[in-house]
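Worksheet: one structure, shown below.
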Amino acid sequence: MSKIKKIAVFTSGGDAPGMNACIRAVVRTGIHFGCEMIGIKQGYQGMIDENFIVMNRHSVSNIMQLGGTILKTARCLEFRTEEGMEKAYQNLKKQGIDALVAIGGDGTFTGAERFSNKYDIPVICVPGTIDNDLYGSDFTLGFDTATNTVIEAIDKIRDTAESHDRLFFIEVMGRDAGCIALRAGIAGGAEAIMLPEKDTAIEDLISTLEHGAANLKSSSIVIVAEGDKNGGAYNVAKRVKEKFDYYDTKVTILGHLQRGGSPSSFDRILGSRMGFAAVKALLAGQTRKMVGLHGNTIALTDLSEALSGHEFKLEDDLMEMSSILA
């Protein structure tokens with residue numbers, strides 16, 4: 001029998017669609033197996049501030065369709081200190097909390113691993129980040145919804161680009177990883193995609209656009225990940241316009257629009273599967289693991305491995321086809 005009787009769940013770092021589905025699954029699965037469930041509001045900051053709420057089945061009713069996170073989220077510098085971590089632990093101990101489910105990205109995971117190692121409190125992490133850049137899971141919560149949001153924006157911008165013979169540079173999120181840019185660019189039929197993982201010379205981009213113009217393209221769309229080494233969409237557009245004036249040039253920064261909105265069915269199901277698996281892993285005696293999706297199977301990866309030097313690699317076939325299909 002598991003010694004875990006009281007589980008706390010929290011979200012930390014950037015919000016992502018699908019987090020609420022995961023919270024719901026964690027709470028209802030824990031209750032099903034006889035555990036008391038606690039929600040920690042505002043992540044690690046909530047641990048320090050004793051921002052705890054008792055959660056029951058009704059607490060998570062009618063939340064699957066909501067974007068963001070009902071438990072709120074915050075970044076907490078104090079938790080990075082020994083004093084802050086000790087305060088958080090004493091607050092958990094006071095509440096009688098036996099284990100944690102942490103939903104977030106690599107910053108959340110780093111804090112969870114340090115905390116669990118120091119105080120030997122069981123923790124299972126769920127990857128919730130729209131960037132899809134965590135080792136150990138094919139997809140992270142929020143990525144599918146964010147990509148669909150970008151595709152919808154591309155489709156709408158394409159309408160006006162076609163109407164006015166315009167060249168649009170659309171900047172999407174992806175400071176260190178180009179997952180959103182790559183998939184949305186392919187699905188949206190972009191003429192070029194600029195990624196942090198790939199050096200694209202401005203001269204090569206201009207050559208691509210000139211080729212399109214020579215073939216009587218009436219508009220073009222270039223997707224730029226914010227972490228592209230040329231300095232973002234505005235800088236790329238400026239440099240292209242200096243040498244290539246075939247089109248009227250415009251820039252659109254999608255920004256935090258990509259984070260919000262009702263989660264897709266994929267993210268609702270993924271969040272539910274991961275939340276369910278996280279509680280079952282805790283009750284089976286697992287700790288310091290990340291729940292991930294491998295193919296269509298839920299699997300556990302050591303947090304140390306998920307956070308180590310493994311580089312997340314974009315799919316080779318998508319990288320190759322991005323230029324060929326354009």
Side-chain angles (χ1 to χ4, degrees), residues 7-33 35 37-43 46 51-74 100-105 108 124-134 137-156 172-174 179-180 183-184 187-188 254-280 290-293 296 298:
I7 300 173
V9 58
F10 66 95
T11 52
S12 179
D15 62 292
M19 282 183 165
N20 286 325
C22 187
I23 293 167
R24 175 180 179 270
V26 168
V27 170
R28 292 193 170 180
T29 303
I31 291 170
H32 174 79
F33 287 108
C35 296
M37 301 304 298
I38 300 294
I40 305 174
K41 301 196 79 171
Q42 296 187 310
N51 199 350
F52 302 108
I53 57 171
V54 176
M55 302 192 80
N56 54 35
R57 288 183 176 276
H58 182 70
S59 304
V60 291
S61 294
N62 200 30
I63 66 169
M64 285 191 74
Q65 75 277 15
L66 302 178
T69 161
I70 63 164
L71 291 178
K72 309 294 185 182
T73 182
L100 298 170
V101 174
I103 308 168
T108 303
I124 297 292
C125 291
V126 175
T129 167
I130 67 169
D131 293 324
N132 200 42
D133 59 349
L134 287 170
S137 188
D138 295 343
F139 293 99
T140 59
L141 282 183
F143 171 66
D144 184 69
T145 305
T147 303
N148 285 330
T149 298
V150 173
I151 292 168
E152 184 179 352
I154 293 172
D155 290 346
K156 291 178 178 179
V172 303
M173 284 184 166
C179 298
I180 292 176
R183 285 180 177 257
L254 295 183
H256 285 80
L257 171 74
Q258 297 156 84
R259 282 199 186 279
S262 183
S264 64
S265 62
F266 181 89
D267 278 327
R268 296 183 199 196
I269 294 168
L270 182 61
S272 299
R273 293 182 75 184
M274 287 182 166
F276 175 76
V279 173
K280 291 196 70 176
M290 182 191 81
V291 178
L293 186 69
N296 194 35
I298 296 294

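Everything quoted here is computed from the prediction, not taken from an experiment.
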Name of the residue among Ile23, Thr73, Thr108, Ile124 meeting side-chain contact (heavy atoms from CB on, under 4.5 Å) with Ile103: Ile23
All salt bridge (charged side-chain N to carboxylate O under 4.0 Å, His left out) counterparts of Lys280, not counting sequence neighbours: none
Looking only at heavy atoms, which two atoms of Ser12 and Ala74 are closest? And how far apart? OG-O, 4.0 Å
Can you list the residues that meet the salt bridge (charged side-chain N to carboxylate O under 4.0 Å, His left out) rule with Arg24, with sequence neighbours excluded? none
When rounded to the nearest 0.5 angstrom, what distance separates CZ in Arg268 from CG in Leu66? 9.0 Å
Can you tell me which residue among Asn62, Ile70, Leu71, Leu141 is in a side-chain contact (heavy atoms from CB on, under 4.5 Å) with Asn20? Ile70
Which pair of non-hydrogen atoms, one from Met290 and one from Pro127, has the smallest distance, and what is that distance? CG-CD, 4.0 Å
Could you give the distance from CE (Met19) to CE (Met274), rounded to the nearest 0.5 Å? 11.5 Å
Looking at every non-hydrogen atom in both residues, tell me the closest pair between Ala16 and Gly142 and how far apart they are. CB-CA, 4.1 Å
Nearest-0.5 Å distance, CZ of residue Phe143 to CG of residue Asn132: 4.5 Å
Hydrogens and angles aside, do Ser59 and Asn56 bring a side-chain donor and acceptor to less than 3.5 Å of each other? yes
Which is it for His32 and Arg57 under the side-chain contact (heavy atoms from CB on, under 4.5 Å) test, yes or no, and what are the steps along the way? CA-CA 10 Å; His32 174 79; Arg57 288 183 176 276; 4.2 Å; yes
How far does CD1 of Ile63 sit from CD of Gln65, to the nearest 0.5 angstrom? 8.5 Å
As a test of understanding, state which of Val150, Asp267, Ile180 forms a side-chain contact (heavy atoms from CB on, under 4.5 Å) with Ile130. Ile180
Would you give the length of the straight line joining atom CZ of Arg259 to atom OG1 of Thr149, rounded to the nearest 0.5 angstrom? 12.0 Å
Looking at every non-hydrogen atom in both residues, tell me the closest pair between Ala21 and Met64 and how far apart they are. CB-CE, 4.1 Å
Looking at CD of Gln42 and NZ of Lys72, how far apart are the two atoms once the value is rounded to the nearest 0.5 Å? 8.0 Å
Side chains of Ser264 and Asn148: do they bring a donor and an acceptor to under 3.5 Å? no
Side chain to side chain, Arg273 and Leu293, heavy atoms closer than 4.5 Å: yes
Specify the closest pair of heavy atoms between Ala102 and Phe10, including all atoms of both residues, with the distance to one decimal. CB-CZ, 3.4 Å
Indicate the atoms forming the closest heavy-atom contact of Ser272 with Ala25, along with that distance. O-CB, 3.4 Å
Apply side-chain contact (heavy atoms from CB on, under 4.5 Å) to residues Val9 and Leu100 and explain how you reach the verdict. CA-CA 6 Å; Val9 58; Leu100 298 170; over 6 Å; no
